[in-house]
Asks: 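Got a structure here, written out as structure tokens. Questions coming.
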Amino acid sequence: MDEIRLKALAKINLGLDVTGCRDDGYHLVRMIMQTIHLFDSVQMEKTAEPGIQLSTNIRFLPVDEHNIAYKAARLLIEEFELTQGIHIDIKKCIPVSAGMAGGSTDAAAVLYGMNLLYDLRLSQKQLAKRALTLGADVPYCLMRGTALAEGIGEKLTRLPAVPRCPVVIAKPGISVSTKWVYDRLSLNEQTRHPDIDQLITDIRQQDLHAIASHMGNILEEVTVKEYPVIAQIKESLMNYGALNAMMSGSGPTVFALFEERSTAKDAADALRASGLARHIYVTTVFNV
Ligand code: ATP
């Protein structure tokens, strides 16, 4: 095999709680992760000459060692002393700096693809170990589906797949740095934490309405305070029939769960007409 094309899936967080902070500054989280049918296309091709060539359709993205997909390739090339090189082409569809793990999922795709292309025979567990050195979300991006992520995001427990449902994704024309949001989060006795255990129960019971009603993201209070457009987008999606709408990760992307695809499409159309969001997609949850 000399070439491989993979779908690097975006994620949303049905629940996101922060329970503390480690001495090294990393936050301790409890998150319900869910992949969706929104993806970057990652094409990888072996090259005779050594080295990494990276190309992407997004002008402002780095194509050197500052791109996390490049780092993933370099990690395996160095560890396994690969003499051939690789060309990686990333067609990005996942909004950048959006709270959808766009970079992490590209890195996971490169690890997965190079393992096959170079016949490295790394197990899922061995890949996950290497993934974690690239970023806290990368192991989950390898796993995909519905999962509880704990620790700094790397302790993963597979959950039953959530009921298949339409999802609207809406990103306003602003970008938010994950670090900026976490740095501004202050936890005290008054902090209202989402009930992650209840969400897990709802998922086990396959109750979409209950899942929607218990969604919660502790980071909303930081990001929404700074960017009220997020609250406006949520309100619009709710007015047009969403079961619930919430910010994903550190934002600013909002996602909304729906029961019917036609309602989801109408809500997306209404949001387009409002001009509140720059990128709007109607998609579904992706289960493994
Ligand atoms: P998360 O949900 O994990 O917080 P995010 O969606 O907020 O991620 P990304 O889009 O993954 O953010 O990454 C944003 C930053 O990472 C940008 O500064 C971007 O330049 C850099 N970056 C490096 N490599 C990539 C990549 N392959 N795709 C997207 N961004 C990348």
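When a ligand or atom number is given, it counts from 1 through the structure's own listing order.
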Asks: Return the option from A107, A109, S97 holding the heavy atom at the smallest distance from atom 12 (O) of ligand 1.
Replies: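 Closest candidate by heavy-atom distance is S97.
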Asks: I'd like to check which ligand 1 atoms, numbered from 1 as shown, lie under 4.0 Å from a non-hydrogen atom of D106.
Replies: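 That gives atoms 26 (C), 27 (N), 28 (N) of ligand 1.
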Asks: Is it true that a side-chain atom of T35 and a backbone atom of G145 form a donor plus acceptor pair closer than 3.5 Å?
Replies: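 Side chain of T35 to backbone of G145: a pair is present.
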Asks: Looking just at side-chain N and O atoms, do H193 and D17 make a donor-acceptor pair shorter than 3.5 Å?
Replies: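 Judged by distance alone, the side chains do pair up.
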Asks: For side chain to side chain contact (heavy atoms under 4.5 Å, CB included), just list the numbers for R74 and I52, CA-CA rounded to whole Å, side-chain angles, deciding distance to a tenth of an Å, and then say yes or no.
Replies: CA-CA 7 Å; R74 187 176 58 187; I52 304 163; 3.8 Å; yes
Asks: Given S213 and N244, is the side chain to side chain contact (heavy atoms under 4.5 Å, CB included) satisfied, shown in steps?
Replies: CA-CA 7 Å; S213 72; N244 205 353; 5.6 Å; no
Asks: Give the residue, atom name and distance (to 0.1 Å) of the protein heavy atom nearest atom 2 (O) of ligand 1.
Replies: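 Of the protein heavy atoms, A101 N, 2.8 Å lies nearest.
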Asks: Restricting to non-hydrogen atoms, name the atom on P228 and the atom on E226 that form the minimum distance, rounded to 0.1 Å.
Replies: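 Closest approach of P228 to E226, heavy atoms only: CD-O, 3.4 Å.
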Asks: With a 4.0 Å cut-off on N to O distance, would you call E220 and K234 a salt bridge?
Replies: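 Yes, this pair counts.
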Asks: Hey, which of V229, L237, V254 is the one that makes side chain to side chain contact (heavy atoms under 4.5 Å, CB included) with L276?
Replies: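 That would be V229; it is the only one of V229, L237, V254 passing the side chain to side chain contact (heavy atoms under 4.5 Å, CB included) with L276.
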Asks: Which one holds for N67 and ligand 1: side chain close, backbone close, both close, or neither close, with close meaning a heavy atom under 4.0 Å?
Replies: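 The answer is both.
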Asks: Tell me whether T178 has any N or O atom under 3.5 angstrom from an N or O of ligand 1.
Replies: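 Yes, at least one N or O pair falls under 3.5 Å.
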Asks: Should you measure from each heavy atom of H66, which atoms of ligand 1 turn up under 4.0 Å away?
Replies: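 Under 4.0 Å from H66, ligand 1 has these atoms: 23 (C).
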Asks: Kindly confirm or rule out an N or O of I68 lying under 3.5 angstrom from an N or O of ligand 1.
Replies: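 For ligand 1, there is an N or O atom that lies under 3.5 Å from one belonging to I68.
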Asks: Among all protein heavy atoms, pick out the one at the shortest distance from atom 11 (O) of ligand 1; state its residue, atom name and that distance to 0.1 Å.
Replies: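 Closest protein heavy atom to atom 11 (O) of ligand 1: G103 N, 2.7 Å.
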Asks: What atoms of ligand 1 come closer than 4.0 angstrom to any heavy atom of D137?
Replies: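 Close to D137: 3 (O).
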Asks: Is there a protein heavy atom less than 4.0 Å away from atom 9 (P) of ligand 1?
Replies: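 At least one protein heavy atom is under 4.0 Å away.
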Asks: Test your reading of the structure: does V96 have an N or O sitting under 3.5 Å from an N or O of ligand 1?
Replies: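 Between V96 and ligand 1, no N or O pair is found under 3.5 Å apart.
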Asks: If we only consider heavy atoms of P62, is any one of them less than 4.0 Å away from an atom in ligand 1?
Replies: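 The answer is yes, since P62 has a heavy atom less than 4.0 Å from ligand 1.
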Asks: Is A69 in polar range of ligand 1, meaning some N or O pair under 3.5 Å apart?
Replies: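 No; the residue has no nitrogen or oxygen that sits under 3.5 Å from a nitrogen or oxygen of the ligand.
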Asks: Should L243 and E259 be marked as a side chain to side chain contact (heavy atoms under 4.5 Å, CB included) after you check the CA-CA gap, both sets of side-chain angles, and the distance that decides it?
Replies: CA-CA 7 Å; L243 295 176; E259 221 163 8; 4.3 Å; yes
Asks: Just to verify, which of M100, Q34, M215 counts as forming a side chain to side chain contact (heavy atoms under 4.5 Å, CB included) with F255?
Replies: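 One option only clears the test, and that one is M215.
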Asks: So which protein heavy atom does atom 7 (O) of ligand 1 come closest to, and at what separation?
Replies: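 Going atom by atom, the protein heavy atom closest to atom 7 (O) of ligand 1 ends up being G99 N, 3.0 Å.
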Asks: Does atom CZ of R272 have more than 12 heavy-atom neighbours from other groups under 6.0 Å away?
Replies: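 Check passes, neighbour count above 12.
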Asks: For atom 19 (C) of ligand 1, state whether the nearest protein heavy atom is under 4.0 Å away.
Replies: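 Yes, there is a protein heavy atom closer to it than 4.0 Å.
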Asks: With a cut-off of 4.0 Å, which atoms of ligand 1 are near a heavy atom of G102?
Replies: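 So the atoms of ligand 1 that pass are 6 (O), 11 (O).
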Asks: Please report the shortest heavy-atom distance between L38 and T283, naming the atom on each side.
Replies: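 Minimum heavy-atom separation between L38 and T283: N-OG1, 4.1 Å.
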Asks: Going by the order shown, which atoms of ligand 1 are within less than 4.0 Å of some heavy atom of K92?
Replies: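 Numbered from 1, ligand 1 contributes 28 (N), 29 (C).
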Asks: Return the closest protein heavy atom for atom 31 (C) of ligand 1 as residue, atom name and distance.
Replies: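 Atom 31 (C) of ligand 1 sits closest to the protein heavy atom L61 CD2, 3.8 Å.
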